[in-house]
Amino acid sequence: MKRLISFSFIIFMLSMSIVQSQTVYDESKVPNFKVPDALLTFKGKKINSVKKWEKVRRPELLHYFKNKVYGRIPKTLEIDSYTVLEEDSNALNGKAKRKQIALSFKHNNKSLSFTILLYLPKEEQNPPLFLGYNFYGNHTITNDEAVLISTAWTRNNESFGIKNNSLDEASRGKRTHRWAIEKILKAGYGLATIYYGEVDPDTNDFSDGIHSLLYNKNQTQPKPDEWGSIAAWSWGMSRALDYFEKDKDVNANKVIAFGHSRLGKTSLWAGATDQRFAGVISNNSGCGGAALSKRKFGETIEKINHSFPHWFCDNFKQFNNNEEALVVDQHQLLSLIAPRPLYVASAEEDQWADPKGEFLSAYYASPVWDLYNKQGIEHMQMPKVNEPIHSTVSYHIRSGKHDVTDYDWENYIKWADTFVK
Ligand code: GTR
């Protein structure tokens, strides 16, 4: 009997854990939860002025996200030197000026460098620009043969011809569809991109990448409240911005942080931590990006920490299957970008990223833009597919899958023309 009970107990526990880790794609299964108020401090004080927001609420939210979600950066590390590896004022059939710049960093007898690929529209003086990471190397975003191929570790990808974790000519131009370079240049914007693996390889290994430059003696991995990979990639975006401040060809006051998916989580965190970014775009950023965690729809904190244990700080694991314990939610990450322009975009077939959770997040963040008399998302009703809402906080859900398309870029450009340029 005893044996029978313990056996059925084990089966029960097993089935519970299977139930718990099942992915929710059904709106009726979204739990009831209280959305934390962006304008109420942790001590329950109402925030009703820009001054109080900036002095009290914004810092406490930022502090919480640093310590519990993305991880804080242990020390400051500035560019040691930079080298213009290559430049051509007649690139892309005479339409663009191209530059490739390596930024180098040194600390603890270690060094790291990453390369910015920069295209600028030829006709413009000091144009604004979009800055975003790519997943497989700068040479994948264009067929331009002059773009240098990274020597950093890369995830293998058969359809891109990437073998042995290293890049070569086979992958050139494989991701052109995600980067509407011609449209961007024609609209008078520059485009800058960096291969994210040069800043920190996307593996659960903290011996490589930028982290190791900032370790204390005998430290081999970040402390529980120290930076994971997303914070490391965001750090790299800020260092690129440091470089732009020195480059007279670009307008460093008009740099828009862009990112897709994990790199959209990254652009949001970059915009939150570095107020020099003039605007932020989150393309299908999902869990740990724009989407509300407490909805537990699609990807959850438990799932993301399980698949990608290195993306967030270790403290974030406290919230695996324990979203109730989070005193914030991702709309408060978005609110840290106020009053600057923010664009959150979803895709209809990207249910894993919870489009509704991304939309609601922009909606619940909007009272902070209201404080500054800027227009956020005013209605709780999600817009129809392919009917964008353009205001200082913008949102669209387009048809199709998890990706970056020309449709997305056309909308980002329109929004940037009105709210950033
Ligand atoms: C998925 C991950 C998402 C998203 C995506 C991506 O596997 O679960 O959170 O970041 O990868 O970056 O493409």
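Scope of the values below: all heavy atoms of this structure, side chains included, with no hydrogens, waters or symmetry mates. Whatever order the structure lists them in is the order used to number ligands and atoms, beginning at 1.
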Donor-acceptor side-chain pairing of S361 and Q330 below 3.5 angstrom: no

Heteroatom proximity flag, S285 to ligand 1, N/O under 3.5 Å: no

Contact atoms of ligand 1, heavy-atom distance to S261 under 4.0 Å: 4 (C), 5 (C), 6 (C), 10 (O), 12 (O), 13 (O)

T142 side-chain N/O to D144 backbone N/O, donor-acceptor pair under 3.5 Å: yes

Ligand 1 contact on K265 by region, counting heavy-atom pairs under 4.0 Å: side chain

Evaluation steps, side chain to side chain contact (heavy atoms under 4.5 Å, CB included), between K99 and D88: CA-CA 7 Å; K99 277 194 195 181; D88 183 353; over 6 Å; no

Verdict with supporting geometry, H390 and N411, side chain to side chain contact (heavy atoms under 4.5 Å, CB included): CA-CA 9 Å; H390 284 181; N411 279 286; 3.2 Å; yes

Nearest-option assignment for atom 12 (O) of ligand 1, heavy atoms, candidates H260, H306, R262, K303: R262

Heavy atom of the protein closest to atom 7 (O) of ligand 1 (residue, atom name, distance): F308 CZ, 3.5 Å

Part of I304 with heavy atoms under 4.0 Å of ligand 1, whether side chain, backbone, both or neither: side chain

CA sep, side-chain torsions, deciding dist, call: D200, H211, side chain to side chain contact (heavy atoms under 4.5 Å, CB included): CA-CA 8 Å; D200 184 32; H211 295 93; 3.2 Å; yes

W311 N/O to ligand 1 N/O under 3.5 Å: no

Expected output: side-chain D205 to main-chain S207 donor-acceptor under 3.5 Å: yes

Part of E299 within contact of ligand 1 (heavy atoms, under 4.0 Å): side chain

